[in-house]
Structure formats: structure tokens, C-alpha cells
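Here is the structure we will look at.
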Number of protein chains: 2
Amino acid sequence: MLATVGRRARNKADKQQRIFEAASELFTRLGYSAVTTQMIADQADVGTGTLFRYASSKAELLMMVMNEKMRLDTREGIAASASPTSPTEAIMALLAPQIHLPPAFSENTAVYQREILFGAEQGQYRTEALARISELENAIGDILRRFTGTLWVRPGVDLNGAARTTFSTLHMELIRVSIGREDPQTLTATLRAHVDVLLYGVFAQR
Amino acid sequence: MLATVGRRARNKADKQQRIFEAASELFTRLGYSAVTTQMIADQADVGTGTLFRYASSKAELLMMVMNEKMRLDTREGIAASASPTSPTEAIMALLAPQIHLPPAFSENTAVYQREILFGAEQGQYRTEALARISELENAIGDILRRFTGTLWVRPGVDLNGAARTTFSTLHMELIRVSIGREDPQTLTATLRAHVDVLLYGVFAQR
DNA sequence: AATCGTTTAGGAGCGTAATCCGCAATTTAT
DNA sequence: ATAAATTGCGGATTACGCTCCTAAACGATT
């Protein structure tokens, strides 16, 4: 047997590829709710039954597509967060790529966020998305640690916990934008204000 | 005609009441996903078509039911937040009633949170839920203002913005519990830590 | 090559949320 | 009291996500 991957594996990879492309194209062009799973199956040239062996739900199909973008954005953000000389700017640089104000179909972004939080426990693509989220959270922890030399950490503060506090707030802010309850224009300024409060507090120390 | 409200209005109120009770009982007993709209219609003794004139979706039916509890919890929390002598404890007292660790059907809570964030824009019961949320956010603002006499507000901090930062974090934490990604047992301690960081910051002032 | 066991494909079918539209109950006008 | 108009009702119907089960494709074994 010469081929290390059999016909079976190749067919499978082929279908996976076709499904990804069909889902990507349709979701991007029409938006989540206007796309039916039939359309995706048809365009990928597979049966509906087949579709659901490659992703366990319509929402997972979207996550499959969105994860790709987020993977790049996360990488980019983490790289960019290395250079700034203040924690605020480092955190802003980390999240900047996530703030690609999507003009038209922010419905996809909203559904993505929704499914990350509330989607089925065992979804494979959701798991991947959650891993990206953790990556960002950890990156914030790294940033905070990086500045413990130049800034005094207030006694009793756990930096990992603080990283989570910070990320929670920023995550919620991104969700707010995706569901249209906040103006994307002012997002950067709002985020900066949030970060500022988080790092230095509301009340001054005595 | 003696009755100031016609038969029509009375029938309407009757149906509303029956639907509320049916939805409440079924959701509580079986959990959101195990309840079908047919069951609710049957138990309320109305047609399916009728059901959807009183609530525009199944999710809205749930919100109708959950809002009732939240209305009371919010009232209670705001009242309890008046007495504590530190901002941290006041905020904890405000949110305490929301933390009724629901042992079994936390599915309802998760769906409620999901719909508050991502539900249809024009839902009437969602609007009501959002009003409760705003109430809590404003209450946090009030708490912060209450302590501006005894604690110094760090220059440049907008208290309303800070209130939102605080509420965002705590809201996200409650969601985390509702979707089972955090242990309800440790929630109170975690929340306190969050609030502490938010109020006094990660880094000490020089 | 032939046979057997295993994995993958896919479309018919199902459950359910939500709509649509004809009909009935009520109110208003004559 | 009768007719006309308006509002509310509700079940048949639809659309869609997803499952289930049969059949085909594939790889291994002899």
C-alpha cells in the first residue's frame, strides 16, 4: 500500500473542505438566519445527513467558519501586545484585531458570541472557540505580570483573577457591540476607559 | 352596560392569566427544552395561534415567567443595598437575591440570560428584563456615589462608566454560573474578589 | 479475486416553533 | 332589534433543523 492516506480519508477531507467553503460563502453573503442547512448541503454537494456528521448543528457550522478568523486575530493580537510600554495599551493592542467592526452581517458575530457562551457543551468547534477565549484571558494575565516590575501590585490581588475580571468586562463590551446595543464608533474609547478603571480602580488608595 | 371593562377585555385578561400559569408550571417542572408550546397551549386551554398573540415566541413566554421573580429580587436587592457601610458589601447585598442557586433547572436561568442578551429586539418581555438590568446598573452607580464622601474618587473616573464596568463583570459571572462553567459554591467569594479589584484596582497608585 | 466486516453517505421522515387565514364573538351604528 | 364593522381566536399548515436507517463504498483477509 503506497498511499499513506486511503481513498476514505481523502474523500472525507474533500467533503470537509467543500462544506467549509459552502458554509463560509453562504453565511458571509446572506447572514446566519437567512441560510438553511439545505442550502449548505446543496452547495457543498452532500446530503443533509452527511452535513451533520461534519458539524453537529447549524450553529457549529458557523463556529467552524468563524473560528478561522478568530484564530488569526488572536495570534495577531498576542503578537501586537508585546511591544506597548503601558498595560492599558498592551491590552488594547491585544484586543484590537477582534474589533473589526463588521458593517453588514454582524448577525454572524452575535450568533458566534451567543453560541460560545450558551452553545451545547460537547460541540467540537465551540470547544475550539473556548480555547481561543482562554488564550486571550491568559494573554491578559501575561501582560499584567509583565508590568509587576514597574507598577506595584496592590496587596491581596491575584493577577489571574484580575485577568479574568478584565477579560470579562471587555468580552461583555464586545458582545454589547455585536448585539447592537452600543455604538462601534466609540468602542475603542469605551474599552480604554474600562481598562483604566480595572487597572487603577474607582477609588484612590489612602 | 354596567361593566366598565367589556367581556372582551376580561376574556383577554383571563387568557393571559391562564397562559402565565401554564407556562410557569411547565417550565418550572420540566425545564425549558422539555416543554413544547403545544403543551402550554393545551394546559392553558387556548389554541396555538392564540398563544403567540400573547407572547411572540417560546423564549418570550419564559421571560414572561422569569421577569416576575427578577422583579422581586431586584426590589429586594436595592432595598438591602442601602445599609452596608462599605461599597463592596453594598454591591454584594444588591446582587445577593439574584444568586438563588437553582439546583435543578438552571436551564431556565441560562436561557433567560441568553435571551436577555441575544433575543429579538422587539420582544415585550425582553424589554422589561432589560429595564430590570438597567435598574441594577443604576443602583451600582448610586452605591458608588454614596461613598464619594468617605472615599476619594480617582481623578478622571466617570462613576456611571465605572458602574457599568462593575455590572458587566458581575453579570458575566452570573452567566458563567448559569451555563455551568463555574461552581455556584464559590460564587460569592469570586464576586467579592471581582468587586474588590474593580473598586481599588490591580495596581497601587504611586 | 472473492468475501466479510466496518465505516461513511444521504435522503426520507419526524418533531416542533411559528404563521396564516377563515370564522366567530363582540362592539358599534342604524 | 338588526346589520355592519372590528377585533380576537385557533387549528391546519408550513418551514426548518436534525435524526434514523438503509445502502453503498472501502479496506482487510484469505
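Each chain gets a letter, A, B and so on, in the order the sequences are listed, and its residues count up from 1.
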Starting at the 5' end of DNA chain D and moving along, which residue's nearest nucleotide shows up first, A:Thr36 or B:Val46?
-> B:Val46

Can you check the [X] [atom1] to [N] [atom2] distance for me, whole Å?
X: B:Leu26; N: C:dA17; atom1: CG; atom2: P; answer: 12 Å
X: A:Met39; N: D:dG17; atom1: CE; atom2: P; answer: 9 Å
X: B:Asp45; N: D:dG10; atom1: CG; atom2: P; answer: 8 Å
X: B:Glu60; N: C:dT19; atom1: CD; atom2: P; answer: 12 Å
X: B:Phe52; N: D:dT13; atom1: CZ; atom2: P; answer: 18 Å
X: B:Asp14; N: D:dG8; atom1: CG; atom2: P; answer: 15 Å
X: A:Arg53; N: C:dG10; atom1: CZ; atom2: P; answer: 10 Å
X: A:Ile40; N: D:dG17; atom1: CD1; atom2: P; answer: 8 Å

Tell me whether the side-chain N/O atoms of [X] come closer than 4.0 Å to OP1 or OP2 in [N].
X: B:Thr37; N: C:dA17; answer: yes
X: B:Thr50; N: D:dC9; answer: no
X: A:Lys15; N: C:dA9; answer: yes
X: B:Lys58; N: C:dA18; answer: no
X: B:Tyr54; N: D:dG8; answer: no
X: A:Asn11; N: D:dC26; answer: yes

Side-chain-base donor-acceptor pair under 3.5 Å for A:Thr48 and C:dG10 = no

Would a distance-only check, ignoring hydrogens and angles, find a side-chain to backbone donor-acceptor pair under 3.5 Å from A:Ser134 to A:Leu130?
-> yes

Does NZ or CZ of A:Lys15 fall inside the cone over A:Phe20's six-membered ring, less than 6.0 Å from its centre and within 45° of the axis?
-> no

Nearest 0.5 Å please: distance from the CZ atom of B:Arg154 over to the OH atom of A:Tyr200.
-> 8.0 Å

Side-chain ion pair, B:Glu182 and A:Arg164, N-O less than 4.0 Å = yes

Looking across every strand, which nucleic acid part, if any, lies under 4.0 Å from B:Ser56 by heavy atom: base, sugar-phosphate, or nothing?
-> nothing

Worked check of side chain to side chain donor-acceptor pair (under 3.5 Å) between B:Thr169 and A:Thr169 | CA-CA 5 Å; B:Thr169 307; A:Thr169 308; 2.7 Å; yes

